[in-house]
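What follows is one structure encoded as structure tokens, with my remarks underneath.
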Amino acid sequence: NAGVMQNPRHLVRRRGQEARLRCSPMKGHSHVYWYRQLPEEGLKFMVYLQKENIIDESGMPKERFSAEFPKEGPSILRIQQVVRGDSAAYFCASSPDRSSGTQYFGPGTRLTVL
Amino acid sequence: AQSVTQLGSHVSVSEGALVLLRCNYSSSVPPYLFWYVQYPNQGLQLLLKYTTGATLVKGINGFEAEFKKSETSFHLTKPSAHMSDAAEYFCAVSGNNNDMRFGAGTRLTVKP
């Protein structure tokens with residue numbers, strides 16, 4: 001049973017470009033979470049999605065960031081017009097349902113903005 | 001709302017010594033509590049979790065944690081540190097809605 005998959009593992013963008021980060025949850029999981037980890041810091045919750053629905057986006061910056069989890073395909077975290085401060089590791093996690101408690105994490109995408 | 005405080009951003013122990021990483025939580029509902037470990041440039045791996053029942057939880061790699069409601073604590077321990085335990089450790093809490101919140105992390109260094 002494959003774990004949570006994220007791609008790319010490393011992404012380099014220049015200021016002003018767009019970054020698209022992909023997350024495929026574990027098989028049978030329909031709940032996806034995105035977190036951001038800045039250097040030397042813990043994980044900060046960004047958004048919680050279920051298939052075709054955003055459940056909680058209280059941690060998402062108000063501008064430039066968006067997330068989706070379509071009926072088919074991976075979840076996408078999209079960052080428009082990236083700035084240097086967006087450089088971080090972005091982790092995706094998944095769970096089978098809302099009440100299971102445990103989230104299973106992917107290996108992360110390390111975004112570097114030049 | 002849930003929150004977690006990890007006391008000590010860096011902990012250093014000698015190989016073979018006791019490991020104690022501290023975590024205190026705040027939760028308005030009965031919490032689920034977790035410890036995750038992160039090795040350099042990798043994702044988070046679940047060490048152990050508390051949901052209900054027995055307050056002493058055993059995890060992988062010889063780690064265990066005890067849920068103490070009266071102290072709102074969930075400290076992580078291991079009787080004897082190994083060099084391979086050197087990593088970043090995160091305590092996390094969630095409520096009924098999978099709204100997991102993480103502490104800032106504790107970096108464990110193991111000296112030979």
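Proteins get letters first, then strands, A, B, ... in listed order; numbering begins at 1 in each. What you are looking at is a predicted structure, and each value in this text was computed from that prediction instead of being measured.
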Can you give each donor-acceptor pair under 3.5 Å made by side-chain atoms of residues 54-63 of chain A, sequence neighbours left out, with the distance rounded to 0.1 Å?
unit_1, atom_1, unit_2, atom_2, d
D56(A), OD1, S58(A), N, 2.9
D56(A), OD1, S58(A), OG, 2.7

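Only the side chain of Q38(B) comes within contact range of chain A, with at least one heavy atom under 4.5 Å from a heavy atom of that chain. Proximity to chain A (any heavy atom under 4.5 Å) is shown, for L44(B), by both the backbone and the side chain.
Shown are F69(A), Y35(A), Y33(A); of these, the ring pair (Phe, Tyr, Trp, His ring centres under 6.0 Å) with Y48(A) is made only by Y33(A). If you run side chain to side chain contact (heavy atoms under 4.5 Å, CB included) between F63(B) and each of V37(B), V57(B), L76(B), only L76(B) comes through.
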>> Applying salt bridge (charged side-chain N to carboxylate O under 4.0 Å, His left out) to D86(A) and R64(A), what does each step give before you reach the verdict?
In response: CA-CA 10 Å; D86(A) 297 333; R64(A) 302 189 297 107; 2.7 Å; yes

> Hey, mind stepping through F102(B) and Y36(B) against ring pair (Phe, Tyr, Trp, His ring centres under 6.0 Å) and telling me if it holds?
Replying inline: CA-CA 10 Å; F102(B) 285 82; Y36(B) 284 86; 5.8 Å; yes

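Interface with chain B: from residues 106-114 of chain A, residues G106(A), P107(A), R110(A) qualify, criterion being any non-hydrogen pair under 4.5 Å. Using a 4.5 Å cut-off between non-hydrogen atoms, the part of residues 81-91 of chain B that approaches chain A consists of F90(B).
Residues near I76(A) contribute nothing to a hydrophobic cluster around it, because no ILVMFWY side-chain heavy atom sits closer than 4.5 Å to its side chain.
Residues M100(B) and F45(A) share a hydrophobic cluster, clusters being chains of Ile/Leu/Val/Met/Phe/Trp/Tyr side chains in contact below 4.5 Å.
Of the inter-residue distances, the one linking S66(A) atom OG with R78(A) atom CZ reads 5.5 Å to the nearest 0.5 angstrom.
Taking every heavy atom of both residues into account, H29(A) and S94(A) meet most closely at ND1-OG, 2.7 Å.
In terms of heavy-atom pairs under 4.5 Å with chain B, the best-connected choice from Q6(A), R9(A), Q37(A) is Q37(A).
Here the side chain of N24(B) pairs a donor or acceptor atom with the backbone of E71(B) at under 3.5 angstrom.
By the 6.0 Å contact criterion, CD on Q17(A) is enclosed, its count of non-hydrogen atoms from other residues, nucleotides or ligands being greater than 12.
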